[in-house]
Amino acid sequence: MIAVLKGGTTAAQKENLIKWLSAQGLTVHVSEGEYKTVLGLVGDTSKIDMDLLSGLEIVDQVARISEPFKSANRKFHPDDTVVSACTSKLGGGNFGLIAGPCSVESEEQICTIAAAVKAAGATFLRGGAFKPRTSPYDFQGMGAEGIELLLKAKAATGLPIVTEIMSISHLDLFADVDVIQVGARNMQNFELLKQLGRCDKPILLKRGMSATLKEMLMSAEYIMAGGNEQVILCERGIRSFDPYTRNVLDLAAVPLLKELSHLPVVVDPSHATGAARLVRPMALAAAAAGADGLMIEVHNDPMHALCDGAQSVTPDQFAEIAKAVATVRTAL
Ligand code: PEP
Ligand code: MN
């Protein structure tokens, strides 16, 4: 349920109302917009007398929210959420460019790529340290050492780092990580989501391979229900029947998610297509669709990448894509 307050409501009046609602066992989320304040009420709202609430002098409107996702709902929080990490911001008009290799492979590799993507305008450095590979015989990532190397690349470039967590038992290793990624394969690992809901770092939540948008928003809700409201949604393609692309990029997800939710939405054209030559057109299309950012895999030597070389663009290609994306955004 939401209660929209009238303009001119004083802080004391607001506080009084929040106290009254909290005393009835509800959790109250306050969203202070430029023109209005929205109180989002979570819990058993069936006991609330809607007529009484809407009759209060300071209340403009009361409505029930039928969707099962509440904190992630745009109705709860009409303004865009802006996620911040170091000096980078994502959402609410701040476009984020997250770039880097699929996996961290060596200090030289990650530092070379970090410097190149930074020069090209990237605002976050990505790199997998713990890799969810289909085969147990494939490179599994450098683990804790990979995170150390990402931190070296961060120290050299100032770029905040984004890296994937696969097990909550590794959380201590992520103490200095700026944004924790939850990969497609873990989108519905609810225990992991609950734990991440209790930490104070932004979470980049990737869409599960066959997850509906509602399921994705419910996963975001798991994180937010624990108190962590810094969630970035990432559309990375869904599995379908055509083997020409690794996945099928659902670009309608971008405007839809932004309509349904206030959380920033980024698109990963690398995992969505699986082909480096398709990254540029899909990155431009994502920007045109209104994405708040892109996640692009970049490798200095794609032919010899230990993971996802076929979909990795070179630093030069990334620089050109970044420019073209900026042109599309200006045209919008
Ligand atoms: C990745 O970002 O390297 C990755 C494994 O992505 P996804 O979870 O989308 O497959
Ligand atoms: Mn990858």
Side-chain angles (χ1 to χ4, degrees), residues 96-105 109-110 113 117 122 124-136 138-143 146-147 149-150 161-167 170 174 177-189 192-193 196 202-211 213 215-216 219-220 223 231-240 245-251 253-254 257 265-276 278-279 282-283 286 291 293-314 318:
L97 264 183
I98 308 166
C102 181
S103 313
V104 180
E105 298 171 7
Q109 176 244 21
I110 192 67
I113 298 171
V117 298
F124 293 83
L125 174 68
R126 66 149 284 150
F130 293 93
K131 294 303 305 175
R133 303 303 301 275
T134 302
S135 167
D138 285 339
F139 176 59
Q140 303 286 306
M142 293 182 79
I147 295 185
L149 298 183
L150 279 166
I161 56 173
V162 183
T163 193
E164 177 168 355
I165 193 164
M166 293 201 348
S167 164
H170 296 152
F174 286 69
V177 167
D178 300 289
V179 178
I180 302 180
Q181 174 174 324
V182 174
R185 290 154 189 83
N186 270 315
M187 191 203 83
Q188 287 191 314
N189 182 340
L192 179 64
L193 301 177
L196 294 175
I203 308 297
L204 184 135
L205 177 68
K206 293 189 114 184
R207 182 176 185 180
M209 299 205 194
S210 55
L213 296 181
E215 285 165 342
M216 187 190 198
S219 290
I223 300 167
V231 180
I232 302 165
L233 304 172
C234 179
E235 165 57 42
R236 46 78 73 205
I238 44 177
R239 178 154 295 178
S240 188
T245 54
R246 184 175 180 181
N247 291 290
V248 170
L249 180 55
D250 176 10
L251 275 184
V254 176
L257 286 171
V265 179
V266 307
V267 170
D268 170 350
S270 308
H271 291 89
T273 62
L278 300 180
V279 169
M282 292 301 96
L294 292 164
M295 176 181 256
I296 296 182
E297 284 190 344
V298 182
H299 200 287
N300 52 341
D301 185 6
M303 289 273 280
H304 296 101
L306 294 182
C307 183
D308 286 350
Q311 68 194 32
S312 300
V313 296
T314 63
F318 174 72

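Bear in mind the structure is a predicted one, so any value in this text is a computation, not a measurement. Just so you know, ligand 1 is whichever comes first in the structure, and atom 1 is the first atom listed for that ligand.
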Between [Y] and [X], is there a side-chain heavy-atom distance shorter than 4.5 Å?
{"X": "E297", "Y": "H299", "value": "no"}
{"X": "I98", "Y": "L204", "value": "yes"}
{"X": "M187", "Y": "E215", "value": "yes"}
{"X": "R185", "Y": "K206", "value": "no"}
{"X": "D308", "Y": "H271", "value": "yes"}
{"X": "I165", "Y": "F174", "value": "yes"}
{"X": "R207", "Y": "L213", "value": "yes"}
{"X": "N247", "Y": "R236", "value": "yes"}

Those atoms of ligand 1 less than 4.0 Å from some heavy atom in [X]:
{"X": "R236", "value": "7 (P), 9 (O), 10 (O)"}
{"X": "H271", "value": "1 (C), 2 (O), 3 (O), 4 (C), 6 (O), 10 (O)"}
{"X": "G183", "value": "8 (O)"}
{"X": "C102", "value": "3 (O)"}

Within-cut-off N or O pair, [X] and ligand 1, under 3.5 Å:
{"X": "D268", "result": "no"}
{"X": "D308", "result": "no"}
{"X": "A184", "result": "yes"}
{"X": "E164", "result": "no"}

Write out the residue and atom name of the closest protein heavy atom to atom 6 (O) of ligand 1, then the distance separating them to 0.1 Å.
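The closest heavy atom on the protein side is K206 NZ, 2.9 Å.
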Nearest neighbour in protein (non-hydrogen) for atom 2 (O) of ligand 1:
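For atom 2 (O) of ligand 1, the nearest protein heavy atom comes out as R126 NH1, 2.7 Å.
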Report yes or no: does a heavy atom of E297 sit under 4.0 Å from some atom of ligand 1?
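So E297 counts as touching ligand 1.
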Just to confirm my numbers, could you give the angle made at the Mn ion (ligand 2) by OD2 of D308 and NE2 of H271, rounded to 10°?
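It comes to 90°.
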Test of geometry: compute the angle SG(C102)-the Mn ion (ligand 2)-OE2(E297) and round it to 10°.
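Between SG of C102 and OE2 of E297, the angle at the Mn ion (ligand 2) is about 100°.
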How close do S240 and V248 get, counting heavy atoms only, and between which atoms?
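The pair with the smallest heavy-atom distance is CB-CG2, 3.5 Å.
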Look at the N, O or S atoms of C307, main chain and side chain alike, and state whether any lies under 2.8 Å from the Mn ion (ligand 2).
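So C307 does not count as coordinating the Mn ion (ligand 2).
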